[in-house]
Number of protein chains: 2
Amino acid sequence: MKIGELAKLTGCSVQSIRFYEKEELISAPRRSECNYRLYDQKNLEQLIFIKHCRNLDITLAEIKQLLNLKQSPETQCEDVNYLIDEHIKQINLRMTGLKKLKGSLTDLRSKCRDNQTVKNCGILQDLLTKPTGQ
Amino acid sequence: MKIGELAKLTGCSVQSIRFYEKEELISAPRRSECNYRLYDQKNLEQLIFIKHCRNLDITLAEIKQLLNLKQSPETQCEDVNYLIDEHIKQINLRMTGLKKLKGSLTDLRSKCRDNQTVKNCGILQDLLTKPTGQ
DNA sequence: TTAAACTCTATAGTCACTATAGAGTCAATC
DNA sequence: GATTGACTCTATAGTGACTATAGAGTTTAA
Ligand SMILES: [Zn+2]
Ligand SMILES: [Zn+2]
Ligand SMILES: [Zn+2]
Ligand SMILES: [Zn+2]
């Protein structure tokens, strides 16, 4: 199949498929006479794997690690488990950060409930003076 | 004061101060004989405002809007309030996304509690086959 | 006097793409 | 056979908010 069909089947954009190839996340497919990329079932599976990982916000560098691990099917999978655990930790950190941020923003927003002139807007005044709790 | 001192006082890096100047978020300061940037109290206040906004993850484009609004002290501040409201909405969206992501990742992680060989790792198998709930 | 610490400009790199330009190819319709 | 539209190719630039580096000049303290 050509790249457009692969894109439709996987939900990746055509450009990002070419990008993954350049970054060596997927192997370069064979080409047609006129240089079109031609993909087979195996290529499709590769890309689906990558797409699933990206849906989970796993970085391309991490995906490369996972693909490397898959190359050694007889080794222990502890590195896989570790990678996912670390990823979950990262997300927890980001969530904690966002919660704080939301608190600060809600606090800031409360400084101007009624419409004021810009000069008297409590939000702008706070932004000038307060170090915004963090 | 020179750029290094301004950086220390505001918590911005020297490079990002120069970057803000290039992006016209702060006005170009006067220069010393040998072309060093020299900042005064007003420059410091400008940058503190920007730093506070950045601490709240307000984008540079939004900061520009706020700075423009500050130029018209007699107008109503509804645009300020609206901007902050929208920003809070954005953060809520991101938090919802992250919660889903964490759910999917936790689910994925549970597919391999005990160490397996890579070949039998439930995580890798799931990544191949499952569309990762979203 | 010499070394460390600072400043300057300009440029490239980060991440995971998206968008564009300019050219070639293919399928279907008139 | 001609034309249209949809597709493909490569190469390059842009996104956001910086960080890092190179190579040069300046200030300050020991
Ligand atoms: Zn990760
Ligand atoms: Zn207000
Ligand atoms: Zn915003
Ligand atoms: Zn496992």
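Throughout, a chain's letter reflects where its sequence line sits, starting with A, and its residues are numbered from 1. Worth knowing before you read on, the calculation uses all heavy atoms, side chains too, and leaves out hydrogens, waters and symmetry mates.
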Closer than 4.0 Å, any side-chain N/O of Arg54(B) to the OP1 or OP2 of dC18(D)? yes

Could you state the atom-to-atom distance from CD of Gln15(B) to C1' of dG16(D) in whole Å? 16 Å

Quick one, Arg37(A) and Arg18(A) - any side-chain contact, counting heavy atoms below 4.5 Å? yes

Starting from C1' on dA16(C), measure out to CD1 on Ile50(A) and report it in whole angstrom. 13 Å

Thr59(A) side chain N/O closer than 4.0 Å to the phosphate oxygens (OP1, OP2) of dC15(C)? no

How does protein reach along nucleotides 22-30 of chain D, written 5' to 3' as B (base within reach of a heavy atom under 4.0 Å), S (only sugar-phosphate), or - (no contact)? ---BBS---

Do the charged groups of Glu23(A) and Lys64(A) touch, with an N to O distance under 4.0 Å? no

On the nucleotide dC9(D), are OP1 or OP2 found under 4.0 Å from the side-chain N or O atoms that Arg18(A) carries? yes

Ignoring backbone atoms, test whether Arg37(A) places a side-chain nitrogen or oxygen under 4.0 Å from the OP1 or OP2 oxygen of dC7(D). no

Geometric cation-pi criterion Lys51(A) and Tyr20(A), 6.0 Å radius, 45° cone: no

Asp40(A) vs Leu44(A) side-chain heavy atoms within contact, under 4.5 Å: no

Considering just the side-chain nitrogens and oxygens of Arg31(B), establish if one lies under 4.0 Å of OP1 or OP2 belonging to dT9(C). yes

